[in-house]
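Notes for the one structure printed next.
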Amino acid sequence: MLRRDAVLPDFVLTDTGDPRGTPMEVFGRADEAYAARRAEKASYYDEVYGQARWWSWDAVAYPDGWPVFPPALARVGGEEDV
């Protein structure tokens with residue numbers, strides 16, 4: 001398995017309920033070397049966060065749209081959105 005410092009997501013959602021955040025990856029290449037790296041990252045996220053607990057978009061295969069983002073936690077009280 002990869003070490004945590006070897007995986008840096010493109011984005012991290014911080015309002016989804018996981019105190020670590022929800023990693024987000026945009027996969028934008030289709031070459032063989034990139035496919036190997038993509039598989040490593042997916043394996044890491046699956047092991048650390050669990051399948052379906054991280055988000056990804058294959059921008060090469062689906063260039064016209066991305067998957068639905070993970071739902072945000074409902075806010076109770078607190079400050080208003082700005």
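Applying the side-chain hydrogen bond (donor to acceptor under 3.5 Å, both in side chains) test to every pair with at least one member in residues 51-63, sequence neighbours left out, gives these pairs: Arg38-Asp58, Asp46-Trp54. Counting only residues at least two apart or on different chains, no salt bridge (Lys or Arg N to Asp or Glu O under 4.0 Å) pair has a member in residues 60-71. Residue pairs that meet the salt bridge (Lys or Arg N to Asp or Glu O under 4.0 Å) test with at least one member in residues 7-18, sequence neighbours left out, are Asp18-Arg20.
With hydrophobic clusters built from ILVMFWY side chains whose heavy atoms lie under 4.5 angstrom apart, Phe69 does not share a cluster with Tyr49.
With a 4.5 Å cut-off between side-chain heavy atoms of Ile, Leu, Val, Met, Phe, Trp and Tyr, the cluster of Val12 takes in none. Apart from Val60 itself, the hydrophobic cluster it occupies contains nothing, where clustering links Ile, Leu, Val, Met, Phe, Trp and Tyr at side-chain heavy-atom distances under 4.5 Å.
Between the OH atom of Tyr34 and the NZ atom of Lys41 there is a distance of 6.5 Å, given to the nearest 0.5 Å.
Taking the side chain as every heavy atom from C-beta outward, Met24 and Pro9 never approach each other to under 4.5 Å.
No more than 12 heavy atoms of other residues, nucleotides or ligands shown are found within 6.0 angstrom of CZ on Phe11.
Checked against side chain to side chain donor-acceptor pair (under 3.5 Å), Asp31 has the following partners two or more places apart in sequence or in another chain: Arg29.
Here the closest non-hydrogen pair linking Leu13 and Pro70 is CD1-CD, 3.6 Å.
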